[in-house]
Amino acid sequence: MDFQLSDDQRALRSGMRDLLGAVFDRDRLRAAVERDGALDRSLWRELGAAGFFALRLPEVAGGVGLGLPEAVLLFEEAGRALLPGPLVATHLAAGLVKGAAEGETVVTAVAGELPVAHLAEADAVLVGTDALAEEPLVGEALRAFVAAARPVRSMDPLTPLHSAAAAGRVGPSERTPADAERATVATERTPAHAGRLRFEAALLTAAEQLGSAARTTEAAVQHAGERQQFGSPIGSFQAVKHLCADMLARTEPARAAVYAAAVTGDPVEIAAAKLLADEAAVRNARDCLQIHGGMGFTWEADVHLHLKRAWLRAASWLTGAGAEELLAAGLGTAGRLPCSSAAYGRPVPEAGGGG
């Protein structure tokens, strides 16, 4: 099996990188930080127009008609750029929530008991164990849900959080018959599994972690080549070389795991990919900060933003403990689990998140 990217996939990734470089450059990143992470609705619509959210919807439903491997490439680029907002939830809600595919609607998600990202700005909230099978909260039900939530301090200045009790069907939603018809199309992208949303969300979050890990590796290598100490670039010192090499050695296995999990869609492989990507994102950001020295700790540098976002993502959708339990359970059922849709119903310890 060939896991190399096709020319079309490379072009897709390159196009998304160019788009984000144009609509979310460093100036806009810092402006978003100054807004305390408040969403830019015009940016959200730009992403919708580019097909970011409708990527996996069939063409007959107004989507692009691509698959999970292509979605992973886009989310990798989003992670590189530190793109804020509940990207994962809105992407998964395309075809389920009116306006999500076009970027006109901001959708977040409640999963487990972890805080919910961007709740105050959301137009809809996915709830339940398998939110793709539940009606999202909109209208009065959403307003009541938001009113009952309370803001909590977020480690990431780009991700405002609210604490909310795990919710089921709080009240009647405002779905139209047309929305229900589009939702049917959305759920036909793959067979219906209990917990399917959680695993797809975990994989897309892992892709964001991968993008962040790759970006901090590049930033560390660039700084090590430019920063002079004792008349030589610090990158010529063995200790710094080892740090940079370790960063690359974490990033590339994570990349292979994320890409492979996107092809198979197997929950155990997704769990492994999330573990590797979380480790790469967090440890690479810490090493990048160390290579930058005192400057890396300053508010003006972007390194700390990658570290804080990596910490937050690591606790989203599928935690390290949950992924490890799933992997352990998979080892106990080797030979039955691959390609088994029943795997999506396997109980997993706390896995939450909302973006």
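Side chains are part of it too, since the values below use all heavy atoms of this structure and drop only hydrogens, waters and symmetry mates. Since the model is a prediction, treat every value here as computed from it, not as a measurement.
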Taking a hydrophobic cluster as the set of Ile, Leu, Val, Met, Phe, Trp and Tyr residues connected by side-chain heavy atoms closer than 4.5 Å, whether directly or through intermediates, do Leu289 and Val221 fall within one such cluster? no
Please determine if Glu200 and Arg56 form a salt bridge, counting it only when a charged side-chain N lies under 4.0 Å from a carboxylate O. yes
If you compare all heavy atoms of Phe24 against all heavy atoms of Pro84, which two are closest, and at what distance to 0.1 Å? CZ-CD, 3.3 Å
Using side chain to side chain contact (heavy atoms under 4.5 Å, CB included) as the criterion, list what pairs up with Ala214, not counting sequence neighbours. Arg80, Thr251, Arg255
List the residues meeting salt bridge (charged side-chain N to carboxylate O under 4.0 Å, His left out) with Glu70, not counting sequence neighbours, and say none if there are none. none
Is the number of heavy atoms from other residues, nucleotides or ligands under 6.0 Å of Arg227 CZ greater than 12? no
I would like to know whether Leu74 and Leu204 meet side chain to side chain contact (heavy atoms under 4.5 Å, CB included); could you show each step before the answer? CA-CA 9 Å; Leu74 296 195; Leu204 296 178; over 6 Å; no
Let me confirm one number: the CZ-OG1 distance from Arg198 to Thr205, rounded to the nearest 0.5 Å. 13.0 Å
Checking side-chain hydrogen bond (donor to acceptor under 3.5 Å, both in side chains) for the pair His223/Glu226: CA distance, chi angles, key distance, verdict? CA-CA 5 Å; His223 183 76; Glu226 296 173 351; 5.4 Å; no
Evaluate side chain to side chain contact (heavy atoms under 4.5 Å, CB included) for Val125 paired with Val107, printing each intermediate quantity in order. CA-CA 6 Å; Val125 178; Val107 184; over 6 Å; no
Verify salt bridge (Lys or Arg N to Asp or Glu O under 4.0 Å) between Arg41 and Asp123, making sure each step is shown before the conclusion. CA-CA 12 Å; Arg41 292 278 180 159; Asp123 303 307; 2.7 Å; yes
With a cut-off of 3.5 Å and sequence neighbours excluded, list every side-chain donor-acceptor pair involving residues 46-55.
none

Filter on salt bridge (charged side-chain N to carboxylate O under 4.0 Å, His left out), then keep only pairs touching residues 202-214, sequence neighbours left out; what's left? Glu208-Arg313
Heavy-atom closest pair, residues Thr105 and Ala100: CB-N, 3.8 Å
Salt bridge check: are Arg250 and Asp246 linked by an N-O gap of less than 4.0 Å? no
To the nearest 0.5 Å, tell me how far Leu158 CG sits from Leu83 CG. 9.5 Å
Calculate, to the nearest 0.5 Å, the distance between atoms CD and CG belonging to Glu76 and Leu73 respectively. 6.5 Å
Look up atom OG1 in Thr108 and atom CG in Leu87, then write down how far apart they are to the nearest 0.5 Å. 10.5 Å
Linked, directly or transitively: Leu276 and Leu312 (ILVMFWY side chains, under 4.5 Å): no
Test: salt bridge (charged side-chain N to carboxylate O under 4.0 Å, His left out). Region: residues 292-304. Which pairs qualify, not counting sequence neighbours? Arg26-Asp302, Arg30-Asp302
Test Lys274 against Asp278 for salt bridge (Lys or Arg N to Asp or Glu O under 4.0 Å), laying out the working first. CA-CA 6 Å; Lys274 182 68 161 53; Asp278 285 345; 2.8 Å; yes
I'd like to know if Val303 and Leu248 are part of one continuous hydrophobic network [Ile/Leu/Val/Met/Phe/Trp/Tyr, side-chain heavy atoms within less than 4.5 Å]. no
Checking side-chain hydrogen bond (donor to acceptor under 3.5 Å, both in side chains) for the pair Gln4/Tyr259: CA distance, chi angles, key distance, verdict? CA-CA 9 Å; Gln4 295 295 320; Tyr259 286 5; over 6 Å; no
Given Leu43 and Arg45, is the side chain to side chain contact (heavy atoms under 4.5 Å, CB included) satisfied, shown in steps? CA-CA 5 Å; Leu43 172 61; Arg45 288 189 288 270; over 6 Å; no
Would a hydrophobic clustering, with Ile, Leu, Val, Met, Phe, Trp and Tyr connected at side-chain separations under 4.5 Å, put Met155 with Leu161? yes
Distance-only polar pair, side chains of His306 and Thr216, donor-acceptor under 3.5 Å: no
Gap between atom SG of Cys288 and atom NE2 of His304 - 0.5 Å precision: 11.5 Å
For Ser42 and Asp40, test the side chains for any donor-to-acceptor distance below 3.5 angstrom and give the result as yes or no. yes
Spacing of CD belonging to Glu325 relative to CG belonging to Leu318, to within rounding of 0.5 Å: 11.0 Å
In the hydrophobic clustering that connects Ile, Leu, Val, Met, Phe, Trp and Tyr at side-chain heavy-atom distances below 4.5 Å, which members other than Ile234 occupy its cluster, ordered by chain and number? Phe230, Phe237, Val240, Leu243, Met247, Ile291
Do His162 and Pro115 have side chains that get closer than 4.5 Å, going by heavy atoms? no
Test Trp311 against Asp156 for side chain to side chain contact (heavy atoms under 4.5 Å, CB included), laying out the working first. CA-CA 9 Å; Trp311 277 333; Asp156 177 16; over 6 Å; no
Strictly distance-based, threshold 3.5 Å: is any side-chain N or O of Glu77 a donor or acceptor partner for the main-chain N or O of Met16? no
